[in-house]
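Predicted model, so just to flag it, every value in this text is computed and none were measured. Along the sequence shown, the residues carry numbers beginning at 1. Only this structure's heavy atoms are used, side chains among them; waters, hydrogens and symmetry mates stay out.
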Amino acid sequence: MIQLAFIENHYPFREFKWIEEGKIIETEKGKKRVEIWTDKETLEAHIEWREKLAKETDSLTDRMIQTANGDKAVETDTGWLTLHDYVDHPYPVTSNIKQTGRFLGMYASVKMDNNVGHTDIANWQEDALFLRKFIKVKLKQKGLIERLRVEAEDRVKKAEVLFKEESTEEPASVLSIESPSQAKMIHGRMYWENRGKSFQNKYLVLRSFLKEWVEANGTGELTHLLDGLDETFSLREQKGRHLLAAIVYPHEYISFMNWLNEAGESAEIEERVNSLRKEWDIMKTLTERIAEWIREPERRLSNV
């Protein structure tokens, strides 16, 4: 456990008090969050990411607070310690849908000096071979899983066409997003809290955000979110096809089967199958809505 005195010795605040021991500190400059990093390469990537996110999006975000010596991290016996502003007031994303979409587009456009993490949207060849294998385990849901496997094979082919046709974009990764609730508010502005640890292909990160959005808010305002996203990420060009490819690709099925191959006849199977079906349906809905949104300007022109 990190001692409060250790933090006091390195940071230029006068008052220190644990709100949540080892995690949240109260200072005369507000609440601060403690993070511990065990891998220096990951830490350095996060420092670069947060600096670029603030600079390239002009957004408030939880950058590393400098120590009294001007450093952005302090080495400890167990790794490196960083300190961050802590904001607990949620940003009203559902009341600021287009603004949230604009931020999301800028987020996906941040460019790291060196790509880290997974830069491709899929393991095309490896997954294609994986999906050709029939289900061997004996489960009462086997018929459903086999039907989804056949559909998943078809989805891979469709995604490959969407992604590789006229593809000139360099693969790039951004920090993963766990939830739209990472958007906080301070002084009337969005403050973005970086919770993700891994760097992933930007289209997979957008896919994850849109899934969480639909799960929490439905599809009623999805077009407004896409309108905002398009203002900073040009979805009606090649990027829209690549986003569709990431959504069409059956990541949820492949993730489920990887789990099933490890777990076998687990007691969790019913819950896992239900989760698979739920995400499968969300991806289908997203595909239809985004494809329809992309085609909308053409439809309007044809009616003129």
Chemist: To the nearest 0.5 angstrom, please state how far the NE2 atom of His10 sits from the CG atom of Asp71.
Modeler: 8.5 Å
Chemist: Less than 4.5 Å apart, side chain to side chain, heavy atoms only: is that true for Leu206 and Val174?
Modeler: no
Chemist: Closer than 3.5 angstrom, by distance alone: can the side chain of His242 be matched with the main-chain N or O of Phe163 as a donor-acceptor pair?
Modeler: yes
Chemist: Same cluster or not: Ile254 versus Ile145, using hydrophobic residues (I, L, V, M, F, W, Y) connected whenever any side-chain heavy atoms lie under 4.5 Å apart?
Modeler: yes
Chemist: With side chains defined as the heavy atoms from C-beta onward, is the minimum distance between Leu204 and His251 less than 4.5 Å?
Modeler: yes
Chemist: Exactly one of Glu237, Arg236, Gln238 should register a side chain to side chain contact (heavy atoms under 4.5 Å, CB included) with Ser234. Which one does?
Modeler: Glu237
Chemist: Should Leu81 and Glu35 be marked as a side chain to side chain contact (heavy atoms under 4.5 Å, CB included) after you check the CA-CA gap, both sets of side-chain angles, and the distance that decides it?
Modeler: CA-CA 6 Å; Leu81 178 146; Glu35 285 195 33; over 6 Å; no
Chemist: For the pair Thr38 (side chain) and Gly79 (backbone), establish whether a donor and an acceptor sit closer than 3.5 Å, ignoring hydrogens and angles.
Modeler: no
Chemist: Decide yes or no for Phe233 and Leu243: does some side-chain heavy atom of the first lie under 4.5 Å from some side-chain heavy atom of the second?
Modeler: no
Chemist: Would you find a donor on one side and an acceptor on the other, under 3.5 Å apart, between the side chain of Ser173 and the backbone of Phe199?
Modeler: no
Chemist: Working to the nearest 0.5 Å, report the span between CD of Glu48 and NZ of Lys72.
Modeler: 10.5 Å
Chemist: What's the spacing between Ile47 CD1 and Thr42 OG1 if we round to 0.5 Å?
Modeler: 11.0 Å
Chemist: Are Asp62 and Arg50 ion-paired here, with the side-chain N under 4.0 Å from a carboxylate O?
Modeler: yes
Chemist: Grouping I, L, V, M, F, W and Y whenever their side-chain heavy atoms are under 4.5 Å apart, do Ile65 and Val34 come out in a common cluster?
Modeler: yes
Chemist: Applying the 4.5 Å side-chain criterion to the ILVMFWY set and letting contacts propagate, would Ile247 and Leu131 be lumped into a single cluster?
Modeler: yes
Chemist: Measure the spacing between CG of Leu226 and NE2 of His224 and express it to the nearest 0.5 Å.
Modeler: 10.5 Å
Chemist: Tell me, do Lys32 and Tyr86 make a side-chain contact under 4.5 Å, heavy atoms counted?
Modeler: no
Chemist: Are more than 12 heavy atoms, taken from residues, nucleotides or ligands other than Glu28, located less than 6.0 Å from that residue's CD atom?
Modeler: yes
Chemist: Of all residues at least two apart in sequence or in a different chain, which pass the ring-ring contact (aromatic ring centres under 6.0 Å, His included) check with His84?
Modeler: none
Chemist: Does the side chain of Ile25 reach to within under 4.5 Å of the side chain of Tyr11, using non-hydrogen atoms?
Modeler: no
Chemist: If you look at every heavy atom in Ala73 and Leu43, which pair is closest and at what distance?
Modeler: CB-CD2, 3.7 Å
Chemist: Taking the side chain as C-beta and beyond, is there a heavy-atom pair between Lys158 and Asp154 under 4.5 Å?
Modeler: yes
Chemist: Run the side chain to side chain contact (heavy atoms under 4.5 Å, CB included) test on Asn194 and Leu53 for me, step by step, so that the C-alpha distance in whole Å, both residues' side-chain angles and the decisive distance to 0.1 Å come before the verdict.
Modeler: CA-CA 10 Å; Asn194 291 282; Leu53 180 64; 3.9 Å; yes
Chemist: With heavy-atom distances below 4.5 Å as the criterion, would you say the side chains of Met64 and His46 are in contact?
Modeler: yes
Chemist: Return the minimal non-hydrogen interatomic distance between Phe16 and Ile7, and the atom names on each side.
Modeler: CE2-CG2, 3.9 Å
Chemist: Taking Gln182 for the side chain and Ser179 for the main chain, is one N or O donor matched with an acceptor at less than 3.5 Å?
Modeler: yes
Chemist: Trp49 ring centre to Arg63 NZ or CZ under 6.0 Å, with the angle to the axis within 45°?
Modeler: no
Chemist: Distance from Glu178 atom CD to Phe209 atom CZ, nearest 0.5 Å?
Modeler: 13.0 Å
Chemist: Under the side chain to side chain contact (heavy atoms under 4.5 Å, CB included) test against Thr61, which residue among Tyr107, Trp192, Tyr191 passes?
Modeler: Trp192
Chemist: Pair Glu252, Arg207 - check salt bridge (charged side-chain N to carboxylate O under 4.0 Å, His left out), show working.
Modeler: CA-CA 11 Å; Glu252 69 277 19; Arg207 176 192 187 276; 2.8 Å; yes
Chemist: Salt bridge or not for Lys142 and Glu146, using N-O below 4.0 Å?
Modeler: no
Chemist: For the side chain of Ser176 and the backbone of Gly196, is there at least one donor-acceptor N/O pair under 3.5 Å apart?
Modeler: no
Chemist: Once you round to the nearest 0.5 Å, how far does CD1 of Ile290 lie from OG1 of Thr223?
Modeler: 11.5 Å
Chemist: Answer yes or no: is there an ion pair linking Lys52 with Asp113, defined by an N-O contact shorter than 4.0 Å?
Modeler: yes
Chemist: Would you call Arg195 and Glu193 a salt bridge, using N to O less than 4.0 angstrom?
Modeler: yes
Chemist: Considering non-hydrogen atoms only, spot the tightest contact between Trp18 and Lys23 and give its length.
Modeler: CZ3-N, 3.6 Å
Chemist: Between Asp39 and Trp80, do the side chains contain an N or O donor and an N or O acceptor separated by less than 3.5 Å?
Modeler: no
Chemist: Test side chain to side chain contact (heavy atoms under 4.5 Å, CB included) on Leu244 and Leu286; report intermediate values, then the result.
Modeler: CA-CA 9 Å; Leu244 273 176; Leu286 274 174; over 6 Å; no
Chemist: Are any non-hydrogen side-chain atoms of Asn258 and Phe130 less than 4.5 angstrom apart?
Modeler: yes
Chemist: Is Arg155 salt-bridged to Glu151, cutoff N-O under 4.0 Å?
Modeler: no
Chemist: Should the heavy atoms of other residues, nucleotides or ligands under 6.0 Å from NZ of Lys278 be counted, would the total exceed 12?
Modeler: no
Chemist: Side chain to side chain contact (heavy atoms under 4.5 Å, CB included) with Val214: which of Asp281, Ile282, Leu225?
Modeler: Ile282
Chemist: Start with the C-alpha gap between Asp127 and Tyr249, add the side-chain angles, then the distance that decides, and say whether side-chain hydrogen bond (donor to acceptor under 3.5 Å, both in side chains) holds.
Modeler: CA-CA 10 Å; Asp127 289 344; Tyr249 200 89; 2.8 Å; yes
Chemist: Show your working on side chain to side chain contact (heavy atoms under 4.5 Å, CB included) between Tyr203 and Lys239 and close with a plain yes or no.
Modeler: CA-CA 9 Å; Tyr203 293 105; Lys239 290 183 173 66; 3.3 Å; yes
Chemist: Can a donor-acceptor pair be found between the side chains of Thr82 and Trp37 at a distance below 3.5 Å?
Modeler: yes
Chemist: Taking atom types as modelled, find out whether Thr219 and Arg289 have a side-chain donor-acceptor pair closer than 3.5 angstrom.
Modeler: yes
Chemist: When you check the gap from the basic side-chain N to the acidic O, do Lys17 and Glu15 get nearer than 4.0 Å?
Modeler: no
Chemist: Taking a hydrophobic cluster as the set of Ile, Leu, Val, Met, Phe, Trp and Tyr residues connected by side-chain heavy atoms closer than 4.5 Å, whether directly or through intermediates, do Leu60 and Leu83 fall within one such cluster?
Modeler: no
Chemist: Is Val87 reachable from Ile177 through a run of hydrophobic residues whose side-chain heavy atoms are each under 4.5 Å from the next?
Modeler: no
Chemist: List the steps, then state whether side-chain hydrogen bond (donor to acceptor under 3.5 Å, both in side chains) holds for Trp293 with Asp230.
Modeler: CA-CA 11 Å; Trp293 179 90; Asp230 183 55; over 6 Å; no
Chemist: Locate the shortest heavy-atom distance separating Val116 from Ala45; write the atom from each residue and the value.
Modeler: CG2-CB, 4.5 Å
